[in-house]
Engineer: 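Once you've had a glance at the structure underneath, I'll fire off some questions.
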Amino acid sequence: MMKALKTLAGAALALSIASGGAQAQQVLFWSTQARPVEETQKMRDEVLKGFAGAVDYQVAEIGPWLTRLQAELQADTGTIGVLGGLHGDFSSTGADLVDLSGVDVGTVKVNEAYKKLGMLGTGEQKYLPWMQATYLMAANKQALQYLPQGVDLNTITYDQLIEWSKNIADKTGSPKFGFPAGPKGLKHRFFEGFLYPSYTGSMVTKFRSAEAETAWNKFKELWQYTNPNSTNYAFMQEPLLSGDVWVAFDHVARLADAFNKKPDEFVAFPAPAGPAGRGFMPVVAGVAIPKTSPDMDKAKALVAYMLKPETQIATLKATNFFPVVDVKLPDDMPASVKAFGPAIAIMTGASDALPALLPMGLGDLDGKFNQIYTDSFERIVLGGEDVHGVLGEEATALKAIIDQSKAPCWAPDKPSDGACPVD
């Protein structure tokens with residue numbers, strides 16, 4: 001087996017050298033992101049064209065991406081200059097990444113929460129954040145007249161959202177909060193990355209805690225003022241456009257059409273905060289440098305270039321991933337981008353921001369992990385079962401999944417040695 005691995009590593013390295021040797025003066029940017037052909041070409045032609053040097057932007061799925069990287073690291077030499085990937089892509093390679101703490105990004109203000117994620121639990125900056133996508137709240141402007149007195153959308157809490165939704169239902173005669181609870185809706189991401197972290201500061205460890213029981217009871221309160229058709233919704237942009245829903249939660253890609261078709265009718269705002277913080281689930285991509293990078297100065301220059309405001313805007317246009325630095329968006333952006341950009345910046349930069357990463361290390365058990373949160377919702381909220389009893393049973397199933405995968409904890413849970421504990 002070891003011999004086979006070494007053969008594979010050698011073959012990958014040979015391919016790496018063969019493909020990179022002819023362009024030795026270029027910085028090879030090896031990425032898992034912007035893989036669709038159109039996005040890859042835009043990265044080359046529009047995003048990287050302003051860099052003071054040649055860049056060879058190449059993409060691969062996570063398997064080949066990691067194989068080539070590991071082959072070069074094993075050989076202690078390579079051609080990869082800069083790495084681009086999601087947070088999880090770097091989780092197994094942190095020890096082989098250069099500390100980027102000293103990279104000069106000038107006066108650019110990089111999102112602090114994402115910078116902390118980029119440390120991968122160490123004292124070094126293993127990657128710098130590059131771009132992001134996430135989930136947001138959206139509201140029809142008609143709903144704003146029913147906001148509780150003194151409530152600011154940018155700092156809204158779950159209690160205030162419940163009171164607001166009640167006001168709307170009472171005044172209009174029908175519940176108008178909307179939630180993607182349909183079979184193809186992303187409801188599990190809300191519970192994993194928003195509700196749980198906001199009340200427990202955790203996604204896994206405190207799954208059946210007293211704080212988790214409070215979270216589910218609060219969501220049951222909100223459900224009283226939720227459009228019952230929500231159990232059929234997958235994309236919230238459609239009920240927002242029809243007027244069936246006035247306030248909604250969803251992924252930005254599933255809200256965009258409403259803002260682009262009727263830009264004057266809707267506002268976007270951050271997810272609510274709970275007692276433990278403003279939980280939100282970012283899809284964070286970063287840039288890193290492997291220890292085998294052939295030209296550290298050029299590689300660090302490219303990393304700094306990717307964080308320049310103009311580069312961040314070009315990246316948004318090319319990939320639909322949003323900036324991770326403070327930047328003013330130009331006027332020629334789609335209406336959805338103009339609306340979402342400021343809301344994302346406020347949410348991710350808030351003093352109570354609590355990022356919760358996509359589940360990691362679960363392998364082919366990822367779907368079963370998500371189902372735990374969906375089943376809990378269906379049993380507690382739709383089925384009316386006892387919160388304490390349901391969480392006890394579902395926690396047992398969750399622990400079995402975590403133990404089988406041996407997945408260590410990820411944010412917002414604290415790092416663990418071995419499988420993430422379910423208390």
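Quick note: residue numbers are just sequence positions, from 1.
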Engineer: Which of these passes ring-ring contact (aromatic ring centres under 6.0 Å, His included) with Phe219: Tyr199, Phe179, Tyr158?
Structural biologist: Phe179

Engineer: Under 3.5 Å, is there a donor-acceptor pair between the side chain of Ser230 and the main chain of Thr226?
Structural biologist: no

Engineer: Decide if atom CG of Asp76 counts as having more than 12 heavy atoms of other residues, nucleotides or ligands within a radius under 6.0 Å.
Structural biologist: no

Engineer: Quick one: does Ile156's side chain get under 4.5 Å of Met137's, heavy atoms only?
Structural biologist: no

Engineer: From Asn370 CG over to Glu192 CD, what is the distance, rounded to the nearest 0.5 angstrom?
Structural biologist: 4.5 Å

Engineer: Between Thr205 (side chain) and Asp413 (backbone), is there a donor-acceptor pair under 3.5 Å?
Structural biologist: no

Engineer: Between the main-chain N or O of Leu362 and the side-chain N or O of Ser405, is there a donor-acceptor pair closer than 3.5 Å?
Structural biologist: no

Engineer: Kindly say whether Trp65 contributes a backbone atom to a donor-acceptor pair with the side chain of Trp30 at under 3.5 angstrom?
Structural biologist: yes

Engineer: Look at Lys42 together with Glu38 and state whether they make a salt bridge at an N to O cut-off of under 4.0 Å.
Structural biologist: yes

Engineer: Do the side-chain N and O atoms of Tyr114 and Thr348 include a donor-acceptor pair separated by under 3.5 angstrom?
Structural biologist: no

Engineer: Any donor and acceptor pair, going by atom type alone, linking the side chain of Ser209 with main-chain N or O of Ala212 inside 3.5 Å?
Structural biologist: yes

Engineer: Indicate the atoms forming the closest heavy-atom contact of Ala138 with Leu240, along with that distance.
Structural biologist: CB-CD1, 4.0 Å

Engineer: What closest approach, in Å, do Ala169 and Tyr225 show between heavy atoms, and which atom pair accounts for it?
Structural biologist: CB-CD2, 4.2 Å

Engineer: What closest approach, in Å, do Val108 and Pro309 show between heavy atoms, and which atom pair accounts for it?
Structural biologist: CG2-CD, 3.7 Å

Engineer: For Asp104 and Ala304, work out which heavy atoms get closest and say how close.
Structural biologist: O-CB, 3.5 Å

Engineer: Ignoring hydrogens and geometry, is there a side-chain-to-backbone donor-acceptor pair from Asn167 to Tyr146 under 3.5 Å?
Structural biologist: yes

Engineer: Report yes if the distance between the aromatic ring centroids of Phe190 and Tyr373 is under 6.0 Å, otherwise no.
Structural biologist: no

Engineer: Any heavy-atom pair between the side chains of Leu117 and Leu357 that's under 4.5 Å?
Structural biologist: yes

Engineer: Between Thr200 and Arg208, is there a side-chain donor-acceptor contact under 3.5 Å, judged purely by atom types and distance?
Structural biologist: no

Engineer: Arg189 and Tyr135: which non-hydrogen atoms are nearest, and at how many Å?
Structural biologist: CG-OH, 3.1 Å

Engineer: My understanding is that only one of Ile313, Val252, Leu329, Asn260 makes a side-chain contact (heavy atoms from CB on, under 4.5 Å) with Val337; could you say which?
Structural biologist: Leu329

Engineer: For Gln125 and Lys115, run side-chain contact (heavy atoms from CB on, under 4.5 Å): C-alpha distance rounded to whole Å, both residues' side-chain angles, the deciding distance at 0.1 Å, then the answer.
Structural biologist: CA-CA 7 Å; Gln125 194 70 51; Lys115 281 183 70 177; 4.1 Å; yes

Engineer: As a test of understanding, state which of Leu97, Ile289, Val287 forms a side-chain contact (heavy atoms from CB on, under 4.5 Å) with Leu83.
Structural biologist: Leu97

Engineer: Ignoring hydrogens and angles, tell me if any N or O in the side chain of Gln132 forms a donor-acceptor pair with the backbone of Pro323 under 3.5 Å.
Structural biologist: yes

Engineer: Under the side-chain hydrogen bond (donor to acceptor under 3.5 Å, both in side chains) rule, collect the residues that match up with Tyr196, sequence neighbours excluded.
Structural biologist: Trp216

Engineer: Would you check if Leu241 and Asp257 make a side-chain contact, meaning some heavy-atom pair closer than 4.5 Å?
Structural biologist: yes

Engineer: Please walk me through it: do Tyr57 and Thr40 pass side-chain hydrogen bond (donor to acceptor under 3.5 Å, both in side chains)?
Structural biologist: CA-CA 8 Å; Tyr57 187 80; Thr40 301; over 6 Å; no

Engineer: Does the distance from a Lys or Arg side-chain N to an Asp or Glu carboxylate O, for Asp170 and Lys166, drop under 4.0 Å?
Structural biologist: yes

Engineer: Is there any side-chain hydrogen bond (donor to acceptor under 3.5 Å, both in side chains) pair reaching into residues 271-290, and which pairs are they, with sequence neighbours excluded?
Structural biologist: Arg278-Asp352

Engineer: For Leu222 and Lys218, what are the C-alpha separation, side-chain angles and deciding distance, and is it a side-chain contact (heavy atoms from CB on, under 4.5 Å)?
Structural biologist: CA-CA 6 Å; Leu222 180 59; Lys218 285 295 181 181; over 6 Å; no

Engineer: Any chance you could measure Ile402, atom CD1, to Cys409, atom SG, to the nearest 0.5 Å?
Structural biologist: 7.5 Å

Engineer: Could you tell me whether Glu39 and Arg35 have a side-chain N and a carboxylate O separated by less than 4.0 Å?
Structural biologist: no

Engineer: Take Val324 and Gln312, measure what side-chain contact (heavy atoms from CB on, under 4.5 Å) needs, and give me the verdict at the end.
Structural biologist: CA-CA 8 Å; Val324 293; Gln312 292 272 294; 3.5 Å; yes

Engineer: Do Leu398 and Phe369 make a side-chain contact, defined as non-hydrogen atoms from C-beta onward lying under 4.5 Å apart?
Structural biologist: yes

Engineer: Roughly how far, to the nearest 0.5 Å, is OG1 of Thr155 from CZ of Phe269?
Structural biologist: 11.0 Å

Engineer: Strictly under 6.0 Å, is that where the ring centroids of Phe177 and Phe249 end up?
Structural biologist: no

Engineer: Which heavy atom of Ala268 sits nearest to which heavy atom of Phe340, and what is that distance?
Structural biologist: CB-CD2, 3.8 Å

Engineer: Run the numbers on Leu316 and Met131 for side-chain contact (heavy atoms from CB on, under 4.5 Å), then give the verdict.
Structural biologist: CA-CA 8 Å; Leu316 170 58; Met131 54 186 186; over 6 Å; no

Engineer: Donor-acceptor pair, Asn227 side chain versus Val245 backbone, under 3.5 Å?
Structural biologist: no

Engineer: Quick one about Asp159 and Thr157 (side-chain donor to acceptor, distance below 3.5 Å, no hydrogens or angles considered), yes or no?
Structural biologist: no

Engineer: Between atom CH2 of Trp130 and atom OG1 of Thr319, what is the distance when rounded to the nearest 0.5 Å?
Structural biologist: 7.5 Å

Engineer: Just how far is it from atom CG of Leu86 to atom OH of Tyr127, taken to the nearest 0.5 Å?
Structural biologist: 9.0 Å

Engineer: Ion pair present between Asp331 and Lys338, side-chain N to carboxylate O less than 4.0 angstrom?
Structural biologist: no

Engineer: Taking Asn111 for the side chain and Val325 for the main chain, is one N or O donor matched with an acceptor at less than 3.5 Å?
Structural biologist: no

Engineer: For a quick check under 3.5 Å, do Thr79 and Glu72 share a side-chain donor-acceptor pair by atom type?
Structural biologist: yes

Engineer: First locate atom CD of Glu46, then atom OG1 of Thr315, and finally report the distance between them rounded to the nearest 0.5 Å.
Structural biologist: 10.5 Å

Engineer: Are Arg379 and Glu394 ion-paired here, with the side-chain N under 4.0 Å from a carboxylate O?
Structural biologist: yes

Engineer: Given the ring of Phe235, does Arg254 sit roughly above its face, with NZ or CZ under 6.0 Å from the centre of the six-membered ring and within 45° of the axis?
Structural biologist: yes

Engineer: Looking at Asp264, is its backbone amide N or carbonyl O close enough to the side chain of Lys141 to form a donor-acceptor pair, meaning the two atoms are under 3.5 Å apart?
Structural biologist: yes

Engineer: Quick one: are the ring centres of Phe191 and Phe377 less than 6.0 Å apart?
Structural biologist: yes

Engineer: Between Asp375 and Lys368, is the closest basic N to carboxylate O distance under 4.0 Å?
Structural biologist: no

